[in-house]
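Atom set for the values below is all heavy atoms of this structure, side chains included, hydrogens, waters and symmetry mates excluded. Throughout, a chain's letter reflects where its sequence line sits, starting with A, and its residues are numbered from 1.
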There are 2 protein chains.
Amino acid sequence: MQRVFEALASSVRRQILALLSHAELSAGDIASRFKISKPSISQHLSILEAAGLVASERRGQFVFYRLVRENLVNTLDGYVQQVCPVRRPLRKESATRAAKATPLSEG
Amino acid sequence: MQRVFEALASSVRRQILALLSHAELSAGDIASRFKISKPSISQHLSILEAAGLVASERRGQFVFYRLVRENLVNTLDGYVQQVCPVRRPLRKESATRAAKATPLSEG
DNA sequence: TTAGCAGTTAGCGCAATGCCTAAATACCAT
DNA sequence: ATGGTATTTAGGCATTGCGCTAACTGCTAA
């Protein structure tokens, strides 16, 4: 969780995740979309991977990165629930509980 | 948004928000729950306030801080939607869309 | 005004971050 | 093996972040 929030603290890294939300991309493809150097992007990718927000797979010369939505959503949702007690989560399991829509101090 | 994610990158600040999710607290009350010094907590609070995640109000000698849930939830939700296209948001307005539960690449 | 508590601001030291270039590694093709 | 492309690792440097103590401001109470 600490790693996830640290990873998300960087604008570049958030943009990378946004890119990967559309499609799997190679490290080079990702780097080409930013002004900063390839090694810097590689470093960002390794931070994202350490946080479990992306996964990588080498195919031939290329290393493809894909978004791991589950971890992103679970982590953010988990924290939001901690801070907005028993509010509607944004994950599937509890579409039922969502119906109750518990108003708390802001209702 | 940048400010919000930067604010959330610190464990202490996330804990402060969690504290404030239960009740409004004075700066001193908050500080007393951590090992770090009062000035440091004050600095954390000002970062949270700059990010719009908390609001402060002086009452007599005390400065009370309260959580601004809206901004926290809106920001996290907004980014999640950017990354998990047209996924179920975790805010109220669209309890309707939540029923549809759009499966995407992880369905 | 003086004393005292609550909180913030100022300034310092240290560790971590983020960028870079250069060099190394991994793979493909010849 | 050799050369070329893709990516990561290593090392350096400037900036930022986070903790501290000391000093300052705001309020209450005599």
Can you check side-chain hydrogen bond (donor to acceptor under 3.5 Å, both in side chains) on A:Arg14 and B:Gln82, steps first, answer last?
CA-CA 10 Å; A:Arg14 288 195 307 277; B:Gln82 200 180 122; over 6 Å; no
(Q) OP1 or OP2 of D:dC18 versus the side-chain N and O atoms of B:Arg13: is any pair under 4.0 Å? (A) yes
(message) Counting the atoms with a prime plus P, OP1 and OP2 as sugar-phosphate, which does B:Arg59 contact under 4.0 Å by heavy atoms, base, sugar-phosphate, or nothing?
(response) nothing
Quick one: is C:dC20 close enough that its OP1 or OP2 comes under 4.0 Å of any side-chain N or O from A:Ser37? yes
*Can you tell me if the side-chain N/O atoms of A:Ser42 get under 4.0 Å from OP1 or OP2 in D:dT8?*
yes
Among C:dT17, C:dC28, C:dC20, the one nearest any side-chain atom of A:Gln61 is C:dC28
Picking from C:dC20, D:dC18, D:dG26, the nucleotide nearest the side-chain atoms of A:Ile36 would be C:dC20
- Residues B:Ser11 and A:Gln2: side-chain donor-acceptor under 3.5 angstrom: no
* Would you please confirm or rule out a distance under 4.0 Å between OP1 or OP2 of D:dA6 and any side-chain N or O of A:Tyr65? => no
Note: for B:Pro39 and A:Ser46 on DNA chain D, the residue whose nearest nucleotide lies more 5' is A:Ser46
Is B:His44 near enough to D:dG17 that one of its side-chain N or O atoms lies under 4.0 angstrom from OP1 or OP2?
-> no
Looking only at side-chain N and O atoms, does A:Gln15 offer a donor or acceptor that is under 3.5 Å from a partner on A:Arg33? no
- Within the pair A:Ser26 and D:dT7, is there a side-chain N or O less than 4.0 Å away from OP1 or OP2? yes
